[in-house]
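The first residue of the sequence shown is numbered 1, and numbering continues consecutively from there.
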Amino acid sequence: MQLSIQNININNPAYLFVTTQLVGKVLIAFSQIYAIYVFSKIHQPSNAAVIVLLLGYSVWIQIFEFGVSQTLQNGLNSKALSLNGGCTVIVGHYILMVVLAVILIMIPEALDLFQGEVQAYGTQADALAFPIGIALMLVSTNNVLIQRMLLVINKGLVSSRLLIFQATLSISVLSFFQLRGAALLESVVIYLALPLLVYTPLVLKFGVRVWRK
């Protein structure tokens with residue numbers, strides 16, 4: 001009996017990590033479903049379709065992580081990559097995604113094929129909702145690298161808290177949109193920029209660490 005209690009105490013951090021990860025991912029999934037509901041309610045069908053299309057592409061855009069997160073994990077576990085080196089990789093990937101995002105915003109026609117017949121109707125700014133949304137999601141792929149490094153350096157609870165905070169922030173913003181309403185571009189920029197708002201401070205912290213080293 002005493003041995004069982006000791007085993008439970010030893011595994012408490014693991015149980016806490018698994019629980020918080022589960023809560024965070026469930027909340028993230030709920031926020032995405034809630035986003036579809038809210039945006040379908042406050043926007044006309046053509047504009048809501050743009051947001052739904054963006055959310056559908058979110059899985060495919062993860063390929064721009066380029067498998068760096070797994071390489072990062074292998075390098076840190078094998079000690080072939082230092083913590084400072086890991087920070088350098090994350091900052092470098094973030095800068096690359098920002099450059100690519102800026103290019104897409106400057107040349108939105110490059111995404112016409114991916115938008116297909118789904119077009120926004122309204123102001124000229126609304127027409128930029130799709131390329132700006134894609135650009136924001138591209139930069140957000142950097143979050144996968146941060147999550148992986150936090151897990152490797154035994155900061156799993158920090159990783160879970162970030163997920164929960166991001167989901168809670170998203171649900172709160174969506175609730176505000178449901179009550180107040182929002183323009184298409186405003187909806188896309190604010191909702192898809194929330195992950196960047198949560199993780200960019202860490203990227204800046206890593207950048208400062210790299211600069212000092």
Side-chain angles (χ1 to χ4, degrees), residues 9-29 31-32 54 57-106 131-170 173 189-213:
N9 289 334
I10 291 173
N11 291 321
N12 272 345
Y15 294 147
L16 181 59
F17 168 71
V18 170
T19 302
T20 53
Q21 279 283 309
L22 179 61
V23 170
K25 290 179 179 179
V26 167
L27 286 174
I28 288 289
S31 69
Q32 291 179 344
L54 282 170
Y57 275 127
S58 62
V59 175
W60 294 99
I61 287 179
Q62 293 301 316
I63 64 173
F64 285 91
E65 175 262 340
F66 299 126
V68 175
S69 62
Q70 187 61 53
T71 304
L72 188 64
Q73 178 178 347
N74 294 340
L76 290 170
N77 284 335
S78 65
K79 307 300 181 183
L81 192 66
S82 66
L83 180 58
N84 192 60
C87 293
T88 302
V89 170
I90 289 174
V91 173
H93 179 270
Y94 186 90
I95 293 172
L96 176 62
M97 290 300 100
V98 168
V99 171
L100 183 57
V102 170
I103 292 173
L104 288 179
I105 292 174
M106 292 176 63
I132 289 177
I134 292 292
L136 290 171
M137 289 194 294
L138 275 175
V139 181
S140 293
T141 59
N142 188 257
N143 300 350
V144 180
L145 277 64
I146 297 175
Q147 284 279 338
R148 187 65 65 91
M149 190 170 83
L150 290 174
L151 293 178
V152 174
I153 63 175
N154 296 320
K155 297 292 184 181
L157 286 180
V158 175
S159 168
S160 299
R161 288 167 185 158
L162 287 172
L163 282 177
I164 293 172
F165 178 63
Q166 177 188 334
T168 304
L169 192 59
S170 296
V173 168
V189 169
I190 294 178
Y191 179 70
L192 295 180
L194 292 178
L196 297 180
L197 179 65
V198 174
Y199 286 89
T200 296
L202 276 177
V203 178
L204 295 176
K205 182 178 180 180
F206 294 156
V208 170
R209 178 188 177 93
V210 171
W211 178 264
R212 287 178 177 175
K213 292 293 183 179

Discussion item. Using a 3.5 Å distance criterion without hydrogens, assess whether the side chain of T88 forms a donor-acceptor pair with backbone atoms of N84.
Written reply: yes

Worksheet entry | Shortest non-hydrogen contact between I146 and V203, atoms and distance | CD1-CG2, 3.6 Å

Worksheet item: Should L163 and L27 count as side-chain neighbours, where that means a heavy-atom distance under 4.5 Å?
Response: no

Practice prompt. For residues L76 and S82, report the shortest heavy-atom separation together with the two atoms involved.
Written response: CD2-O, 3.5 Å

Worksheet entry | From CA spacing to verdict: side-chain contact (heavy atoms from CB on, under 4.5 Å), C87, K205 | CA-CA 9 Å; C87 293; K205 182 178 180 180; over 6 Å; no

Worksheet item: Are the side chain of N77 and the backbone of V152 linked by a donor-acceptor contact shorter than 3.5 Å?
Response: no

Discussion item. Can you confirm whether F17 is buried at CZ, in the sense that more than 12 heavy atoms of other residues, nucleotides or ligands lie under 6.0 Å from that atom?
Written reply: yes

Discussion item. Quick one, R209 and L83 - any side-chain contact, counting heavy atoms below 4.5 Å?
Written reply: yes

Worksheet entry | Pairwise side-chain contact, L202 with L162, heavy-atom cut-off 4.5 Å (strictly under) | yes

Worksheet item: Taking C-beta and beyond as the side chain, do Q32 and S170 meet within less than 4.5 Å on heavy atoms?
Response: no

Discussion item. Can a side-chain donor-acceptor contact be found between Q147 and N143 if the only test is distance below 3.5 angstrom?
Written reply: no

Practice prompt. Kindly say whether L197 contributes a backbone atom to a donor-acceptor pair with the side chain of T200 at under 3.5 angstrom?
Written response: no

Fill in: Atom of F64, atom of T141 and distance for their closest heavy-atom approach
O-OG1, 4.1 Å

Discussion item. So, taking the atom named CD1 in I132 and the one named CD1 in I134, what distance separates them when rounded to the nearest 0.5 Å?
Written reply: 11.5 Å

Worksheet, complete the sentence: In this structure, CG of L81 is separated from CD of Q73 (nearest 0.5 Å) by 12.0 Å

Response to the item:
dist I28:CD1 -> I164:CD1 (nearest 0.5 Å) comes out at 9.5 Å

Worksheet item: Got N142 and Y199 here, is their nearest side-chain heavy-atom distance under 4.5 Å?
Response: no

Discussion item. For the CG atom of L150 and the CZ atom of R161, what is their distance to the nearest 0.5 Å?
Written reply: 11.5 Å

Worksheet item: Which pair of heavy atoms, one from S69 and one from R148, lies closest together, and at what distance?
Response: O-CG, 3.4 Å

Worksheet item: Once you round to the nearest 0.5 Å, how far does CG of L145 lie from CE of M97?
Response: 9.5 Å

Discussion item. Could you report the tightest heavy-atom contact between L96 and F66, atom names first, then the distance?
Written reply: CD2-CE1, 4.2 Å

Worksheet item: Can you find a heavy atom in the side chain of M137 that is under 4.5 Å from one in the side chain of P195?
Response: no

Item to complete: I would like to know whether S160 and T20 meet side-chain hydrogen bond (donor to acceptor under 3.5 Å, both in side chains); could you show each step before the answer?
Response: CA-CA 6 Å; S160 299; T20 53; 3.0 Å; yes

Discussion item. Between E65 and V68 (side chain of the first, backbone of the second, donor and acceptor by atom type, cut-off under 3.5 Å), is there such a pair?
Written reply: yes

Practice prompt. Can you measure from CG (L194) to CG (L136) and round to the nearest 0.5 angstrom?
Written response: 10.0 Å

Worksheet, complete the sentence: Smallest heavy-atom separation, S140 atom then L192 atom, equals OG-O, 4.1 Å

